[in-house]
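Report on the following structure.
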Amino acid sequence: MAEYNSLEKIRLQKVEELRAEGVEPYPTRAQRTHTSAQAIAEFEADETREVKATLAGRIRSMRPKGKLTFAHIEDGYGKVQLFLRVNEVGEANLGFFNRMFDLGDFVEATGVMFRTKAGEVSLHVRDFKLLAKSITPLPADKDVTQEDGTVVRHATLDDPEIRARQRYADLAVNPDVRETFRKRAKLVKSLRTFLDDHDFLEVETPILQPLYGGAAARPFVTHHNELEQDMYLRISFELYLKRLLVGNMERVYEIGRDFRNEGVSFKHNPEFTQLEFYWAYADYLQVMELTEQMVSYAAEQVTGSTKVKFGEHELEFKPPWKRIEMRDGILETSGIDIAEYKTAEALLKAINEKQPKAAPDPKSTRGKLIDFLLSEYLEPTLIQPTFLYNYPRDISPLAKSMPGDPLTVERFEGYVAGFELCNAFTELNDPLDQEQRFLEMGRDYEADDEEKHPLDEDYLRAMRYGMPPNGGFGMGVDRLTMVFTNKHSIREVLLFPALRKEE
RNA sequence: GGGCGCGUAGCUCAAUGGUAGAGCAGCGGCCUUUUAAGCCGUUUGUUGAGAGUUCGAGCCUCUCCGCGCUCACCA
């Protein structure tokens, strides 16, 4: 049973009184004829014409003023002021409105659009009706300017926990939050449009998988009762999408949810939205070009420009993006030339000599040491959209080696605002090399069982049928949403981010 | 998982170890063009939960719960 606070009890009392008076507080149907925006636009188009309208929305402010009442209602398209006067609605109805209606209630009002003396386009109400009584008060937004000129915000909803946990309340009172999610939808739509227009086929592959793979993350485990087997929530789409290339589907993409049983941070949520595409007969350089075109297209669709403000930076997404070979970038920012150190031991020694303050894990593989240098020195400098390319083989088990350079693979990552946005490579299509890589990984990670990856025999079988050379791509859609909406936490771009359960 | 911080009225926040407060919201009035109206009056609390120290705990200690920041983990 719900426990009601004193404010809620007053409103519950009103619900009972309404029913006693024969007024249904939750009627089944509404009869809106105009949205707030439509009614205002129609009136403003020709103010001499009578615009009759029935509007509906949530009461966001109320100013009873004797024989007049002003109230703003808000719908999905904006706010509009209601003007109630005793002359039209009568004393009894005006008193009823003032007494029984509260901030947060959904109401419907019929009347004629007009402009008040203060100049605001409003609805001159003839008739009104309750659509849904609000029991729990929403915070009314109100700021008060103090004598010393400072503005004190009152009764807003800005506790980050409540905003995330009760997103419905957050959305109801914070219009900018609604705007963020409108932009998110636009982003996803623009990515689809772009890929569709480039002849990619959208597909859906299993979320419940008998084996997980395609990334280095711990999975969520569940169990299928009838099959009597454990199943995993996917950590990436990669291995299934590439199976489709074996089946002669040349260009495929999927936008969906990945699940990773890892830590939560401002850029990590246990479930997140990923875009992956695979493109037969292309290599990573072609993927690079398609990426910068796709992201700049999305930037324009979502923000109206390829220039996007993010914090103190203005990011320019217009192609071509900066390209930095990983070796050069690391050399420039850390002073270490990774090409000179072909083993983990040698590279570790060099790091300890040249960057004595750095503290890499001494048990790291060479690839992990390079990754350490990358994230420690190079990554923070990559503010403008930048492609970093040519990665060490041993942290890229699904990417193809560069011809003539077995330690390096044809891989790039896109960076923006100092964090990783996407990851792509010329995909490994040699089944024998792939098997070797899987085995190597097993060896490299032997010490830490959690990072050891299962060998996907079915994937190898698919590759043995023959996989065309291809380029593949993966991108965190949540992170791109953050960049395009100038939000600095992934929670701000997820409607319902992962939180510990209450109680 | 580690470190640091936070949790007080519906909301935003105050309160040397000594009577728990303000604004807004609410409630009762006044007000026929307001603008996040104004004026008069007024109510509201298991101070996240539990235990301890103390004559006395919102404040100090411990345990737990939740959140934030951060580090670690995160091809």
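Values in this document were obtained by computation on a predicted structure and should not be read as measured data.
- A stem is defined here as three or more consecutive Watson-Crick or G-U pairs, each with both distances under 3.5 Å; for RNA chain B these stems are B:1-7 with B:65-71, B:10-13 with B:21-24, B:26-30 with B:38-42, B:48-52 with B:60-64.
- In summary, A:Asp456 and A:Arg243 engage in a salt bridge, as defined by a charged side-chain N under 4.0 Å from a carboxylate O.
- Computed from coordinates, the A:Asn174 CG to B:A36 P distance equals 17 Å when rounded to whole Å.
- A distance-only check finds a donor-acceptor pair linking the side chain of A:Asp283 to the backbone of A:Gln286 [under 3.5 Å].
- Between the side chains of A:Tyr278 and A:Glu276, at least one donor N or O lies within less than 3.5 Å of an accepting N or O.
- No donor-acceptor pair under 3.5 Å is formed between the side chain of A:Asp371 and the backbone N or O of A:Gly367.
- Between A:Asp170 and A:Arg167 there is a salt bridge, with a side-chain nitrogen of the basic residue lying less than 4.0 Å from a carboxylate oxygen of the acidic one.
- Comparing the P positions of B:C30 and B:G17 gives an interatomic distance of 47 Å, to the nearest angstrom.
- Rounded to whole Å, the P atom of B:G58 lies 15 Å from the corresponding atom of B:U8.
- The side chain of A:Glu262 lies closest to B:C74 when the candidates are B:C67, B:C74, B:A75.
- In this structure, A:Phe425 places its CZ atom 8 Å from C1' of B:A75, rounding to the nearest Å.
- Ring orientation note: the planes of A:Phe387 and A:Trp321 are close to parallel, at an angle under 30° on the 30°/60° scale.
- Atom name C1', nucleotides B:G5 and B:G48: the rounded distance is 16 Å, in whole Å.
- In summary, A:Arg60 and A:Glu74 engage in a salt bridge, as defined by a charged side-chain N under 4.0 Å from a carboxylate O.
- Across the P atoms, B:C64 and B:G1 are found 11 Å apart, a figure rounded to whole Å.
- Between A:Phe473 and A:Phe277, the ring planes lie parallel to each other; the angle is under 30°, not in the 30° to 60° tilted range.
- Comparing the P positions of B:C71 and B:A14 gives an interatomic distance of 27 Å, to the nearest angstrom.
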>> Output one letter per nucleotide in nucleotides 27-34 of chain B: B when a protein non-hydrogen atom lies under 4.0 Å from the base, S when only the sugar-phosphate is that close, - when neither is.
In response: S---BBBB

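- Remark: the separation of the C1' atoms in B:A75 and B:U70 is 24 Å, to the nearest Å.
- Atom-to-atom, CD of A:Glu8 to C1' of B:A9 comes out at 13 Å; the value is rounded to the nearest Å.
- Counting to the nearest Å, the P atom of B:C74 and the CZ atom of A:Arg479 are 14 Å from each other.
- A gap of 11 Å separates the P atoms of B:A22 and B:U42, to the nearest Å.
- Between the side chain of A:Asp105 and the backbone N or O of A:Ser134, at least one donor-acceptor pair lies under 3.5 Å.
- The gap from the P atom of B:G50 to that of B:A9 amounts to 15 Å, rounded to the nearest Å.
- Taking atom NE2 of A:His268 as the reference point, atom C1' of B:A72 lies 12 Å away to the nearest angstrom.
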